[in-house]
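Being a predicted model, the structure only gives us computed values, none of them experimental.
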Amino acid sequence: VQLQASGGGLVQTGGSLRLSCAASGSISSIRALEWYRQAPGKQRELVATISSSGSTNYGDSPKGRFTISRDNAKNTVYLQMNSLKPEDTAVYYCAADTVEVLDSGITVGRSWGQGTLVTVSS
């Protein structure tokens with residue numbers, strides 16, 4: 001699975017951005033899509049996940065301000081970010097958890113997109 005993230009940029013505190021991540025390749029193997037972020041000097045943290053059935057889960061920091069969604073027809077996952085704060089500044093990565101059933105067995109994997117930078121100015 002290949003992932004292409006886009007939509008990052010510079011926004012003022014309180015503003016909004018929508019990130020997109022388009023998936024290609026073995027789409028049928030995708031079980032969940034996720035957004036992570038990594039701020040300078042910090043570990044990568046989970047922002048949100050959405051399963052193939054549409055159920056969602058959020059990390060503690062963005063809860064209530066961010067919304068993850070997916071458009072299966074476009075093979076795209078979105079992250080709507082509202083009420084942005086300077087501490088939301090980070091590189092945002094999309095990821096796909098995959099399961100492939102092959103003759104040789106089951107392969108579980110994770111693919112990563114290239115990341116898109118979000119900068120929130122105070």
Side-chain angles (χ1 to χ4, degrees):
V1 173
Q2 294 78 47
L3 302 170
Q4 181 70 41
S6 61
L10 175 63
V11 64
Q12 291 185 334
T13 296
S16 298
L17 277 177
R18 189 177 81 154
L19 305 183
S20 301
C21 179
S24 60
S26 183
I27 301 298
S28 61
S29 69
I30 296 175
R31 293 299 175 263
L33 290 162
E34 298 145 347
W35 286 100
Y36 286 80
R37 68 184 183 185
Q38 187 166 18
K42 294 189 176 181
Q43 288 189 330
R44 191 171 296 188
E45 65 171 343
L46 177 68
V47 175
T49 69
I50 186 166
S51 72
S52 54
S53 64
S55 61
T56 59
N57 230 334
Y58 295 90
D60 290 335
S61 296
K63 197 171 289 184
R65 298 186 294 119
F66 293 2
T67 302
I68 189 171
S69 62
R70 63 192 290 172
D71 184 336
N72 290 330
K74 296 182 178 180
N75 298 322
T76 299
V77 61
Y78 303 99
L79 185 69
Q80 178 66 44
M81 305 185 295
N82 299 327
S83 302
L84 283 162
K85 306 174 182 180
E87 51 263 44
D88 294 319
T89 294
V91 178
Y92 284 70
Y93 298 90
C94 56
D97 289 338
T98 59
V99 177
E100 290 190 272
V101 180
L102 307 172
D103 290 342
S104 56
I106 297 174
T107 299
V108 178
R110 169 170 287 181
S111 298
W112 292 91
Q114 84 285 10
T116 185
L117 177 62
V118 172
T119 303
V120 184
S121 62
S122 56

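T13 places a side-chain heavy atom less than 4.5 Å from the side chain of P86. A 4.5 Å side-chain heavy-atom check between R31 and V108 finds every atom pair outside the cut-off. In this structure the side chain of L17 never reaches within 4.5 angstrom of the side chain of F66, judged on heavy atoms. Side chains of S6 and T116 form no contact here, defined as non-hydrogen atoms less than 4.5 Å apart. Within the 4.5 Å cutoff, the side chain of M81 has no heavy atoms near those of the D88 side chain.
For the atom pair OG of S122 and CD of Q12, the computed distance is 9.5 Å after rounding to the nearest 0.5 Å. Rounding to the nearest 0.5 angstrom, the gap separating the OG atom in S26 from the CD atom in Q2 is 9.0 Å. Note that CD of E100 is 11.5 Å distant from CD1 of I106, once rounded to the nearest 0.5 Å. For the atom pair CH2 of W35 and CG of L46, the computed distance is 12.5 Å after rounding to the nearest 0.5 Å. Interatomic distance, D97 CG to E34 CD, rounded to the nearest 0.5 Å: 4.0 Å.
Shortest non-hydrogen contact noted between V1 and S111 is O-OG, 3.2 Å. Residue R70 comes nearest to I30 through the heavy atom pair NH2-CG2, 4.4 Å, listed as atom of the first residue, atom of the second, then distance. When all heavy atoms are compared, the tightest approach of S20 to T76 is CB-CG2, 4.3 Å. Annotation for S83 and S16: closest pair N-OG, 4.4 Å, computed over non-hydrogen atoms. Of all heavy-atom pairs between P40 and T89, the closest is CD-O, 4.4 Å. Summarising the geometry of Y93 relative to G115, their closest heavy-atom pair is CD2-CA, 3.5 Å, with the distance given to 0.1 Å.
The only member of L33, I50, L19 that meets side chain to side chain contact (heavy atoms under 4.5 Å, CB included) when paired with I68 is I50.
Each side chain to side chain donor-acceptor pair (under 3.5 Å) pair with one or both residues in residues 49-59, not counting sequence neighbours, appears once here: S51-S53, S51-S55.
For R44 and Y36, the positive end is not near the middle of the six-membered ring at less than 6.0 Å and at most 45° from its axis.
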